[in-house]
Peer 1: 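Sharing a structure here in structure tokens format.
Letters A, B, ... are given to chains in the order of the sequence lines, protein chains preceding strands, and every chain is numbered from 1. As the structure is a prediction and not an experimental result, all values here were calculated from the model. Below, each value reflects all heavy atoms present in this structure, side chains not excepted, and no hydrogens, waters or symmetry copies.
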2 protein chains.
Amino acid sequence: MKTEIKGVNGLDNKEKLIISEIKSLINLKNMEPGEKLPSERLLADRLGVSRGSIRNAIQKLEFYGLLKSMPQSGTFIADLGLTAINGMIHQIINLPTPDFKSLVETRIFLELKLVKFAAARRTEEDLSEIEEVLEKYKFKVLAGEDAVAEDLLFHLSIAKASHNPSLNRLMLSITPQIITDFEKYHVCKSNTALNAIDEHQAIVDAIRFKDPSRAEEKMKEHFSVLYQYCYESN
Amino acid sequence: MKTEIKGVNGLDNKEKLIISEIKSLINLKNMEPGEKLPSERLLADRLGVSRGSIRNAIQKLEFYGLLKSMPQSGTFIADLGLTAINGMIHQIINLPTPDFKSLVETRIFLELKLVKFAAARRTEEDLSEIEEVLEKYKFKVLAGEDAVAEDLLFHLSIAKASHNPSLNRLMLSITPQIITDFEKYHVCKSNTALNAIDEHQAIVDAIRFKDPSRAEEKMKEHFSVLYQYCYESN
DNA sequence: AATATAAATTTGGTTAACCAATTTAAGTAT
DNA sequence: ATACTTAAATTGGTTAACCAAATTTATATT
């Protein structure tokens with residue numbers, strides 16, 4: 001049997017099936033928004049699978065905010081109405097696995113905004129943390145060592161300074177996949193690391209002086225190679 | 001005992017503790033990137049909890065792309081290096097629960113980009129689907145009925161037409177929370193629904209004519225009230 | 001000694017039984 | 001009838017035992 005390759009954050013066939021069945025059951029019972037889902041035992045029995053599998057599927061839907069389990073009480077359906085629930089679950093199940101270009105496109109888009117917010121909202125603590133991370137990055141690069149991790153932490157420290165937990169979370173959720181893809185597709189050339197020091201420094205300076213547009217501009221320059229890769233065919 | 005309120009997508013204290021312990025163990029064993037995590041049984045025994053709890057925590061980290069479980073083989077650590085893993089887990093654990101403003105800010109930001117992509121990349125099928133959803137929305141509004149769900153599906157159909165699965169996924173993951181918060185804070189006034197029809201139509205027209213900047217502009221107008229709410233204090 | 005083969009172990013996934021908090025129903029006194 | 005008390009049933013969470021595939025180790029064969 002062939003090994004099933006499941007993309008990051010994707011759903012395997014069994015999960016899709018169970019989620020789809022849960023959707024059908026919600027429709028069948030014509031449940032009101034905010035109502036309780038049938039108990040895990042009942043679902044497991046009804047769908048002919050174990051409770052563990054049901055709990056797994058519920059956790060996936062909890063991530064998308066469609067369900068919420070309350071201990072010793074029940075699992076509640078988001079107060080969205082049947083039509084919305086159906087539409088969302090349909091899209092979730094049929095969501096394609098993000099490809100590399102989607103991820104890069106998303107990252108550039110996210111980070112250009114994050115750095116603007118960071119420049120506008122950063123506290124002194126944020127700035128200290130960013131500078132501290134930058135120093136570690138410089139040290140590694142100047143020592144001729146690999147600094148992929150330090151580069152990553154630099155960008156994450158900016159994301160944190162944006163003071164938008166929602167965007168920060170999105171950034172966190174796509175970062176590892178991008179990093180590993182970078183190495184796979186050999187996008188990131190190590191010989192550009194020396195340039196990157198100056199680019200990073202320019203970004204930090206803009207954040208220090210609370211200049212959002214300059215911060216965005218410098219981040220754009222930092223991403224220029226990546227940007228080119230992403231839109232070379234457009 | 002007080003009921004523990006766990007925000008959407010948030011981690012409860014037990015999950016945070018287990019994730020933190022896993023991080024410590026990775027550091028203790030000084031594991032190489034890409035290496036296998038100790039087995040679930042060993043982790044459960046080492047941390048004094050059940051395998052189920054371990055599996056739960058692993059699933060959370062899988063969402064962030066830090067771990068990947070392979071059946072009958074093991075759970076592999078993302079190829080990021082120890083420093084990056086530590087930094088990411090630290091941020092994940094200490095990530096604040098997104099507040100309403102963060103969500104609204106994120107939604108506006110995401111949708112302005114999604115609609116641009118949709119206008120640039122939409123297929124005929126995408127357009128048909130968007131128009132179909134719009135018709136249902138119009139019908140509901142003109143009938144004087146509640147059309148929150150149809151409005152939601154309209155925006156999701158645009159997200160789909162963006163042909164960026166990564167952004168689409170992010171949009172899906174923040175949408176339900178926003179909708180429910182809308183109703184909680186009474187942001188969305190039902191009497192503006194008639195205006196919204198024209199606004200939606202203008203967006204669709206721009207998408208039909210493949211005019212990204214006009215699409216973005218029309219979406220911005222559609223979000224004007226929301227935009228004001230979000231940045232009223234800035 | 002190198003290689004092929006098979007048995008034993010380890011692994012994540014699954015299932016079933018158990019626990020404590022909650023909810024619901026029944027009972028009882030007022 | 002109503003309000004309060006209590007007990008039975010339901011619920012999500014937890015634990016332990018089991019399964020099949022993958023890995024490792026041991027063994028036999030050349």
Side-chain angles (χ1 to χ4, degrees), chain A residues 1-19 21-22 25-26 29 31-32 34-63 65-78, chain B residues 1-19 21-22 25-26 29 31-32 34-63 65-78:
Chain A
M1 179 184 168
K2 189 172 154 244
T3 304
E4 183 172 359
I5 303 295
K6 174 175 99 170
V8 164
N9 305 320
L11 305 168
D12 62 31
N13 292 334
K14 180 168 187 179
E15 289 170 339
K16 286 183 182 179
L17 201 117
I18 293 179
I19 289 174
E21 290 286 343
I22 290 178
L25 205 58
I26 292 176
K29 295 207 168 190
M31 311 187 92
E32 290 296 314
E35 200 175 346
K36 268 200 302 187
L37 204 66
S39 72
E40 294 178 355
R41 287 168 180 78
L42 200 145
L43 286 171
D45 187 56
R46 177 79 173 72
L47 306 186
V49 296
S50 73
R51 263 188 74 198
S53 304
I54 297 291
R55 286 177 61 78
N56 180 43
I58 287 176
Q59 189 175 359
K60 288 289 197 298
L61 290 178
E62 269 190 303
F63 163 71
L66 290 178
L67 298 178
K68 179 141 191 64
S69 284
M70 305 290 276
Q72 281 75 43
S73 177
T75 300
F76 294 85
I77 307 171
Chain B
M1 179 183 168
K2 189 172 153 241
T3 305
E4 182 171 0
I5 303 295
K6 172 175 100 171
V8 165
N9 306 320
L11 303 169
D12 63 29
N13 292 336
K14 181 167 187 179
E15 290 169 338
K16 286 183 182 180
L17 201 117
I18 293 179
I19 289 174
E21 289 286 343
I22 289 177
L25 205 59
I26 292 176
K29 295 208 168 190
M31 310 187 93
E32 290 295 315
E35 199 175 346
K36 269 201 300 189
L37 204 66
S39 73
E40 295 179 354
R41 288 168 180 79
L42 200 146
L43 286 172
D45 186 57
R46 178 78 173 72
L47 306 185
V49 295
S50 73
R51 262 188 74 198
S53 304
I54 297 290
R55 287 176 62 77
N56 180 42
I58 287 176
Q59 189 175 359
K60 287 289 196 299
L61 290 178
E62 269 190 302
F63 163 71
L66 290 179
L67 298 178
K68 179 140 192 63
S69 284
M70 306 290 276
Q72 280 76 42
S73 178
T75 300
F76 294 85
I77 307 170

Peer 1: Which heavy atom in A:Lys36 sits nearest to a heavy atom in A:Ser73, and how many Å separate them?
Peer 2: NZ-O, 3.2 Å
Peer 1: Establish, with yes or no, whether the OP1 or OP2 oxygen of C:dT10 is under 4.0 angstrom from a side-chain nitrogen or oxygen of B:Ser39.
Peer 2: no
Peer 1: For the backbone of B:Asn56 and the side chain of B:Glu15, can you confirm whether one donor and one acceptor N or O come within less than 3.5 Å of each other?
Peer 2: no
Peer 1: Is any side-chain nitrogen or oxygen of A:Thr75 closer than 4.0 Å to OP1 or OP2 of D:dG12?
Peer 2: yes
Peer 1: State which of C:dT14, D:dG13, C:dT22 makes the closest approach to the side chain of A:Lys14.
Peer 2: C:dT14
Peer 1: Starting at atom CZ of B:Arg51, determine the distance to atom C1' of C:dA16, rounded to an integer number of angstrom.
Peer 2: 14 Å
Peer 1: I need the B:Leu47 CG to B:Ile18 CD1 distance, nearest 0.5 Å.
Peer 2: 7.0 Å
Peer 1: Using rotation axes that map the C1' atoms of four end pairs onto the next four (five pairs an end), what angle separates the end axes of the helix from C:dA1-D:dT30 to C:dT30-D:dA1, to 10°?
Peer 2: 20°
Peer 1: Would a 4.5 Å heavy-atom cut-off, applied to side chains only, mark A:Leu17 and A:Asn13 as touching?
Peer 2: no
Peer 1: Write down the atom of B:Ala78, the atom of B:Gly65, and the distance for their closest heavy-atom approach.
Peer 2: CB-O, 3.4 Å
Peer 1: Where the side chain of A:Arg41 is defined as all heavy atoms beyond and including C-beta, which of C:dC19, D:dT14, C:dT23 is the nearest nucleotide?
Peer 2: C:dC19
Peer 1: Only counting residues at least two apart or in another chain, list the ones meeting side chain to side chain contact (heavy atoms under 4.5 Å, CB included) with B:Arg51.
Peer 2: B:Glu40, B:Arg41, B:Ala44, B:Arg55
Peer 1: Whole Å only: how far is the CG atom of B:Leu42 from the P atom of C:dT10?
Peer 2: 11 Å
Peer 1: Can a donor-acceptor pair be found, under 3.5 Å and without considering hydrogens, that links the side chain of B:Lys29 to the backbone of B:Leu37?
Peer 2: no
Peer 1: Would you kindly give the CG-to-P distance between B:Asn56 and D:dG13, to the nearest whole Å?
Peer 2: 9 Å
Peer 1: Could you state the interatomic distance from CG (B:Leu61) to OG1 (B:Thr75), rounded to the nearest 0.5 Å?
Peer 2: 10.0 Å
Peer 1: Please enumerate all protein N or O atoms sitting under 3.5 Å from an N or O of nucleotides 24-26 of chain C, with distances to 0.1 Å.
Peer 2:
none

Peer 1: Using whole Å, what does the distance between atom P of nucleotide C:dG13 and atom CG of A:Asn13 come to?
Peer 2: 15 Å
Peer 1: Taking donor-acceptor contacts at under 3.5 Å, does the side chain of B:Arg55 reach the base of C:dG12?
Peer 2: no
Peer 1: Assign each of B:Gln72 and A:Ser73 to its nearest nucleotide of DNA chain C by heavy atoms, then name whichever residue's nucleotide is nearer the 5' end.
Peer 2: B:Gln72
Peer 1: D:dG13 P sits how many Å from B:Glu15 CD, rounded?
Peer 2: 10 Å
Peer 1: Within this structure, what is the CG-to-P distance between A:Asp45 and D:dT10, rounded to whole angstrom?
Peer 2: 14 Å
Peer 1: Return the minimal non-hydrogen interatomic distance between A:Pro38 and A:Leu43, and the atom names on each side.
Peer 2: O-CD1, 3.5 Å
Peer 1: Looking at the side chain of B:Ser69, which of D:dT15, D:dT11, C:dG12 is the nearest nucleotide?
Peer 2: C:dG12
Peer 1: In this structure, how many angstroms lie between the C1' atom of D:dT11 and the CZ atom of A:Phe76, rounded?
Peer 2: 10 Å
Peer 1: Is there a side-chain contact between A:Leu66 and A:Ile77, using heavy atoms and a 4.5 Å cut-off?
Peer 2: no
Peer 1: With a 4.0 Å cut-off on heavy atoms, is A:Ser50 in touch with a base, just the backbone sugar-phosphate, or nothing at all?
Peer 2: base
Peer 1: Checking contacts here: which listed nucleotide (D:dT11, C:dT11, D:dG13) is nearest the side-chain heavy atoms of A:Glu40?
Peer 2: D:dG13
Peer 1: Given atom CD1 of B:Ile58 and atom P of C:dG12, what is their separation to the nearest angstrom?
Peer 2: 7 Å
